[in-house]
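Notes follow the structure.
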Protein chains: 2
Amino acid sequence: MSGTSEKVYVEILKKIKTIIEEDNLQAGDKLPSERELTDRLHVGRSSVREALRSLELLGLIETRRGEGTFIKPATGHRLVEVLASFILHDKKAKQNLLETKSIILRDCIELAVKRIKDKDVEFLNVLLQQMHEEDDSGQLQKLSYQFKDAVIRLCDNHLLYRLWIELSGYGSSLHGKTFIPDPGDCSQIMEHLKNGDSMKVIQLMSREL
Amino acid sequence: MSGTSEKVYVEILKKIKTIIEEDNLQAGDKLPSERELTDRLHVGRSSVREALRSLELLGLIETRRGEGTFIKPATGHRLVEVLASFILHDKKAKQNLLETKSIILRDCIELAVKRIKDKDVEFLNVLLQQMHEEDDSGQLQKLSYQFKDAVIRLCDNHLLYRLWIELSGYGSSLHGKTFIPDPGDCSQIMEHLKNGDSMKVIQLMSREL
DNA sequence: AGTCAATGGTGGTCTGACCACCAAGCAGAT
DNA sequence: ATCTGCTTGGTGGTCAGACCACCATTGACT
């Protein structure tokens, strides 16, 4: 071995990262099975599992019994969920959470109005069109969520976006419901996005708070 | 049992959380040993370990071989470190990181100028005084860092503060050095804080970028 | 009283075993 | 030829037991 004072499971984390990079694995792709990793890395299966379970809790991978382990599209509110339940005991912390969520949302939108491109406008218009044509309320809700999400992603900063997703995930588990704009809201948001009026967009998107 | 579709190690996470709450364990306190948890929760030791390793990777606990498992004071830059190394493959992601760090810093400062109290001003003045009296360059650096940190904490939002700490931690591992203001900067920062000029404070504190 | 070896507890790791689950392949029925 | 359904191999999920390395305490010896 190379001078290995590190715990095996941490080493494994690094090896897995290497494997992901070398094989250029993308979100949704399958990782080698636990037993194969055991062989390739010359470690015990339990150590492999400790590493994988850690990544799973971080929301970086997803395991499906009988199928395998897969790289997850970065959308893990699990992270904040766990962190929160262990760290955010008191009321003040929850207040902090809501405030931070609101601030991050504002940040995203401010970047969004700066960075929105013509093709983004087109895409949002398509969504908007679909919404106005949709009758089924379930489908409508889904589209509304997509619209909201798409707007936030306009910030073109994946890290910031992830922060919002995670904060949002925990936030909704706090008060149960998530704000979803109706088609009318979306039309207005659309207009203000084009005009570069970030204040108005923020107002419309922050209704839940 | 309650509908147990959950994986054992996730159940264990909850149980551990319960134990921490019931026994009112604080940072630094010792958790029951792996074998004791195995007995108390009627599960295999490997499952207990999967749960503990996950918490360790999240920076929530610390394990010392031959001694035991201990609750860690909530200050895990491990989180972003791990997330980052797995998510931030490309250059764009690193750019995202720097941008986000800068944005969070701005958010903190904007809250800080709103929320600064007289006693905060007093405290910062004491630090400033010490800085001007200090000769030793090492000590001076330490005081400068304290000053910067104290200003950011004025936002009175622990979560936002933690986000900055974590982003900052990874950021410095990117380009190696961290910006530390000199006494002159600190005096100016102090003035603008009192005047409520957040723009100026942000400028002075963001020099590293 | 001081030194140090034995001991018991703790985390670290590996192995092998079994289960539950899923998908693909194959054999039989239609 | 197609569909159905069973078999089978691969996968994750879990457990039990065995060592090892390490640490702190104990207690015997000096």
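Just so you know, these numbers come straight off a predicted model, no measurement behind them.
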Going by atom types only, do A/Lys7 and A/Ser47 share a side-chain donor-acceptor pair under 3.5 Å? no
Quick one: side-chain contact (heavy atoms from CB on, under 4.5 Å) partners of [X], sequence neighbours excluded?
X	answer
A/Glu133	A/Gln129
B/Glu99	A/Leu111, A/Arg115, A/Asn157, B/Ile103
A/Arg65	none

Check each residue of residues 31-47 of chain B for a non-hydrogen atom within less than 4.0 Å of any atom in DNA chain C, then write out the ones that pass by number, or none. B/Ser33, B/Glu34, B/Arg35, B/Arg45
May I ask you to decide whether [X] forms a salt bridge with [Y], counting only side-chain N to carboxylate O separations under 4.0 Å?
X	Y	answer
A/Glu191	A/Lys194	yes
A/Asp39	A/Arg35	no
B/Arg53	A/Glu56	no

Would you work out how much the helix from C/dA1-D/dT30 to C/dT30-D/dA1 bends between its ends, with each end axis defined by five base pairs, to 10 degrees? 20°
Tell me which of A/Glu50 and A/Glu67 sits closer to the 5' end of DNA chain C, going by the nucleotide each one is nearest to. A/Glu50
Backbone N or O of B/Glu122 within a donor-acceptor pair of the B/Asn125 side chain at under 3.5 Å? no
So which heavy atom on B/His158 is nearest to which on A/Asn96, and how close? N-OD1, 2.8 Å
At the 4.0 Å heavy-atom cut-off to chain A, mark where contacts on DNA chain D begin and end, going 5' to 3'. D/dG10 to D/dT14
A/Arg49 CZ to C/dC18 C1', in whole Å, measures 14 Å
Using a cut-off of 6.0 Å, state whether more than 12 heavy atoms not belonging to A/Lys114 lie near its atom NZ. no
